[in-house]
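Let me begin by presenting the structure, written as structure tokens, before commenting on it.
Everything numeric in this text was worked out from a predicted model, so none of it was measured.
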Amino acid sequence: MAFYFDTPSRTFSEYLLVPGYSSAECIPANVSLETPVVKFKKGEEPTIKMNIPLVSAVMQAVSDDRMAVALAKEGGISFIYGSQTIENQAAMIAKVKAHKAGFVISDSNLTPENTLQDILDLKAKTGHSTVAITDDGTSHGKLLGIVASRDYRVSRMDPDTKVREFMTPIEKVVFAPKDVTLKEANNIIWDNKLNSLPVLDDEGKLLHMVFRKDYDSHKENPNELHDSKKRYVVGAGINTRDYEERIPALLEAGVDILCIDSSEGYSEWQSRTIAWVREKYGDTVKIGAGNVVDREGFRFLAEAGADFVKVGIGGGSICITREQKGIGRGQATSVIDVAKARDEYFEETGIYVPICSDGGIVYDHHITLALAMGSDFIMLGRYFSRFDESPTNKVNINGAYMKEYWGEGSARARNWQRYDLGGDKKLSFEEGVDSYVPYAGSLKDNVNLTLSKVRSTMCNCGALSIPELQKKAKLTLVSSTSIVEGGAHDVLLKDNKNL
């Protein structure tokens, strides 16, 4: 007969943390959120760690190159979505890796024959005010001039004015040679009071741009996550169909870590993919797998050679897998069960395989609960989709700004590979929805606020690190009545909108 679990499947909202003893040293400023991303042997250090325990989901509506840069600045990792062509995904990876060194490939380029209106349209699209004017309008054409905000006045100029009439011509542009170092480039910027510095090859063709704001950004982002070459760390999602072609292209582009993006990871398809990676690259290529929800699923992927294991089925805000198929498990129960399996595996083998909680996060405090229950880091989709840096459109719905957000199992994404069970190459039915989420502003501001809550709660538990939280945390189930008690109740709330 079928196996029945003895206990119900529970969500994060059914738990609370019970405070522990907090010493005088236990203040938020002293809390470290450093966490391992890939497996490591006892007594050794993981080859990839993060400074914050957050990664962005492998989704079209969440993780592109812009999101990857923004999150790496804060100390996390984006997994750029794989439901696109190999060439496009590799190009996104290359953009991220080109960004951190300070030498940025220009994404705002026009020709002298373009117009002021073209400049304004491009600025609205990219958000960048500096435009490189090249002979062919590409990022690597011969540089003929620069247009910055100071070069034009919208109120006094005809939108059809040609760029050549108001650009700063190359004769007046300060630029650097191809062999300039980042330190030298920054010195040129400061000495000449510039906002940007083009880097040209011997033929005058544009190679990179160096921006003053990137120097300032480094000072403002002490947690930024970079590789040995001072480039931002970035991940990528892959599937179990075209990995033999996709993985080499992503590695060539500079990807740091891969993740098999699948709704269900306890399968032969994932073990085949990992085996191919190990046979071709050994342990030099880092690859996570998932998703699973119990001990058996974790053991299967850990023994297959996964560098980390993703936990969660059906808990995402746009996921309807449980509704459509009756498959899944409450996220809190899944994390607790898999974390126990992770610890058992570590005791048996001396190999620690990090786990990533994916889905089920509704409130900021759910992140702290997931960490306390054993997660090493958290994958978030809806959370990051709300920010300026997500790749979706900001729209006005009934007077409120929203961001578009859709699941990889929706008809819009048509990512059949994520739900592939070895059958026809198509999406038989939807396992995700197309929706809107409230617009929330910049990633930096929101992530800093969220993590300040996490640090504060950790101090309430007497923990200054994630491993210490997992050791000291005391968790209690809550009744439906006490959930009501936990919010504002029995009062008439003031309307503070006009205050």
Side-chain angles (χ1 to χ4, degrees), residues 64-69 84-85 87-180 182 184-186 188-189 192-215 217 253 388-389 391-394:
D64 64 354
D65 51 292
R66 189 179 178 203
M67 175 63 70
V69 169
Q84 59 179 320
T85 66
E87 294 76 17
N88 286 349
Q89 189 183 22
M92 285 188 180
I93 296 293
K95 280 186 179 180
V96 178
K97 301 309 286 188
H99 196 286
K100 177 56 199 108
F103 296 95
V104 182
I105 295 176
S106 176
D107 65 354
S108 297
N109 313 285
L110 292 172
T111 73
E113 298 307 309
N114 283 107
T115 65
L116 173 60
Q117 188 59 55
D118 294 327
I119 292 283
L120 300 177
D121 291 343
L122 187 59
K123 181 179 179 180
K125 178 181 178 181
T126 65
H128 301 156
S129 58
T130 299
V131 180
I133 308 303
T134 60
D135 59 348
D136 58 3
T138 69
S139 58
H140 295 304
K142 185 173 183 179
L143 187 68
L144 302 178
I146 292 287
V147 172
S149 297
R150 65 175 180 272
D151 292 317
Y152 57 86
R153 290 286 296 275
V154 176
S155 60
R156 297 186 179 184
M157 293 172 62
D158 187 323
D160 292 327
T161 304
K162 297 289 187 182
V163 167
R164 54 181 160 76
E165 296 182 29
F166 60 89
M167 71 180 186
T168 300
I170 187 63
E171 295 80 15
K172 296 182 180 181
V173 173
V174 177
F175 60 87
K178 63 182 180 182
D179 57 354
V180 68
L182 183 58
E184 291 169 343
N186 282 321
I188 294 172
I189 287 174
N192 292 274
K193 299 180 180 180
L194 305 173
N195 288 321
S196 63
L197 177 71
V199 178
L200 309 182
D201 68 10
D202 296 336
E203 298 177 351
K205 292 184 177 180
L206 181 62
L207 296 175
H208 299 97
M209 297 289 289
V210 180
F211 294 95
R212 175 193 291 261
K213 64 179 177 61
D214 287 342
Y215 176 85
S217 173
D388 289 318
E389 294 82 0
T392 63
N393 294 318
K394 182 172 74 171

Given 3.5 Å as the limit, does a donor-acceptor pair link the side chain of [X] with the main chain of [Y], or not?
X	Y	answer
R66	T126	no
H140	L206	yes
D201	E203	yes

Considering all heavy atoms of both residues, which atom of [X] and which atom of [Y] are nearest to each other, and what is their separation?
X	Y	value
F211	M209	CE1-CB, 3.5 Å
P198	V173	CG-CG1, 3.9 Å
A253	A90	CB-O, 3.3 Å
V180	A185	CG2-N, 3.7 Å
V96	A68	CG2-CB, 3.7 Å
D65	K95	OD2-CD, 3.6 Å

Original post:
How far apart are the C-alpha atoms of V163 and T111, what are their side-chain angles, what is the distance that settles it, and do they pass the side-chain contact (heavy atoms from CB on, under 4.5 Å) test?
Top reply: CA-CA 7 Å; V163 167; T111 73; over 6 Å; no
**OP:** Answer whether the closest heavy-atom distance between the side chains of H208 and I105 falls below 4.5 Å.
**Re:** yes
Subject >> Side chains of V154 and L120 in contact at under 4.5 Å (non-hydrogen atoms) >> reply: yes
Subject >> Partner of L143 under side chain to side chain contact (heavy atoms under 4.5 Å, CB included), chosen from I133, V199, T134, L207 >> reply: T134
**OP:** Using side chain to side chain contact (heavy atoms under 4.5 Å, CB included) as the criterion, point out the one residue from I189, L197, L194, N186 that pairs with R212.
**Re:** I189
**OP:** Sorted by first residue and then second, give each salt bridge (Lys or Arg N to Asp or Glu O under 4.0 Å) pair with at least one member in residues 108-124; sequence neighbours left out.
**Re:** E113-R164
**OP:** Check step by step if side-chain contact (heavy atoms from CB on, under 4.5 Å) holds for L144 and I170.
**Re:** CA-CA 5 Å; L144 302 178; I170 187 63; 5.5 Å; no
**OP:** Evaluate side-chain contact (heavy atoms from CB on, under 4.5 Å) for I119 paired with N114, printing each intermediate quantity in order.
**Re:** CA-CA 8 Å; I119 292 283; N114 283 107; over 6 Å; no
**OP:** Let me see the working for Y152 and T161 under side-chain contact (heavy atoms from CB on, under 4.5 Å), right down to the final yes or no.
**Re:** CA-CA 10 Å; Y152 57 86; T161 304; over 6 Å; no
